[in-house]
Amino acid sequence: MRGGLAALAAFEVAFDTHTQPLTDDLMKSGELIASSGTGAAPLDWQGDPPGGHHRKGVLRFNAPAPRPASFELHISRPGEAQVRAFRWELK
């Protein structure tokens, strides 16, 4: 923490489809999971609102502390049996 502000983890997210409107609520379906197993809900979504066939924006979280060896961004999508998981190893 520097200057009284918490460190942030921000992810640019983009969805494209031509089959159905993108109605995902990323504030409910996103989660950041540290290698310790600790999960965190998003702080905010700065981007396109639900609807349409193309959406993009930035999903922000408080950065895990202490710094983990790795973390995953999980996004649950309506109608999909498995969570979409994106993993980063930190050095």
Asker: Evaluate the criterion side chain to side chain contact (heavy atoms under 4.5 Å, CB included) for residue pair D25 and W45; output intermediate values, then yes/no.
Answerer: CA-CA 9 Å; D25 181 347; W45 166 254; over 6 Å; no

Asker: With side chain to side chain contact (heavy atoms under 4.5 Å, CB included) as the criterion, how do F15 and D48 come out once you've worked through the C-alpha distance, each side chain's angles and the decisive distance to 0.1 Å?
Answerer: CA-CA 10 Å; F15 293 99; D48 298 327; over 6 Å; no

Asker: Nearest 0.5 Å, please: how far is CG in D24 from CD1 in I75?
Answerer: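 Atom-to-atom, I75:CD1 and D24:CG are 8.0 Å apart.
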
Asker: Which distance, rounded to the nearest 0.5 Å, do you find between the OG1 of T38 and the CZ of F71?
Answerer: 14.0 Å

Asker: How many angstroms lie between atom OG of S29 and atom NE2 of H74, to the nearest 0.5 angstrom?
Answerer: 12.5 Å

Asker: Is L59 linked to L32 within one hydrophobic cluster, defined over Ile, Leu, Val, Met, Phe, Trp and Tyr using a side-chain heavy-atom separation of less than 4.5 Å?
Answerer: yes

Asker: How long is the span from the CE atom in M27 to the CZ atom in R60, to the nearest 0.5 Å?
Answerer: 10.0 Å

Asker: Quick one: do V13 and V83 end up in the same hydrophobic cluster if we chain Ile, Leu, Val, Met, Phe, Trp and Tyr together by side-chain heavy atoms under 4.5 Å apart?
Answerer: no

Asker: Thinking salt bridges, do K91 and E89 make one under a 4.0 Å N-O criterion?
Answerer: no

Asker: To the nearest 0.5 Å, what is the distance between CG on N62 and CG on L43?
Answerer: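 The distance works out to 4.5 Å.
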
Asker: Given side chains that start at C-beta, do those of L22 and R77 come closer than 4.5 Å, heavy atoms only?
Answerer: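 Counting from C-beta outward, L22 and R77 do come under 4.5 Å.
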
Asker: About how many Å separate NE2 of H54 and OG1 of T17, when rounded to the nearest 0.5 Å?
Answerer: 8.5 Å

Asker: Do you know the tightest heavy-atom contact between S70 and R87?
Answerer: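 Shortest heavy-atom separation between S70 and R87 comes out as OG-NH2, 3.0 Å.
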
Asker: Tell me if the CD atom of E80 is crowded by more than 12 foreign heavy atoms within 6.0 Å.
Answerer: yes

Asker: Measure up the H18 and H53 rings against each other and bin them: parallel (under 30°), tilted (30 to 60°), perpendicular (over 60°).
Answerer: parallel

Asker: Heavy-atom count check: over 12 atoms from other residues, nucleotides or ligands less than 6.0 Å from Q82 CD?
Answerer: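 It does not: Q82 CD has 12 such atoms or fewer within range.
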
Asker: Do K28 and S76 have side chains that get closer than 4.5 Å, going by heavy atoms?
Answerer: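 When only atoms from C-beta onward are counted, S76 and K28 do not touch, as no gap falls below 4.5 Å.
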
Asker: Minimum heavy-atom separation for A85 and E72, please, with both atom names.
Answerer: CB-OE1, 3.9 Å

Asker: Quick check: is L90 connected to L73 through a chain of hydrophobic side chains (ILVMFWY, heavy atoms under 4.5 Å apart)?
Answerer: yes

Asker: Testing the basics here: between P68 and S35, what is the closest heavy-atom pair and its distance to 0.1 Å?
Answerer: CB-OG, 3.5 Å

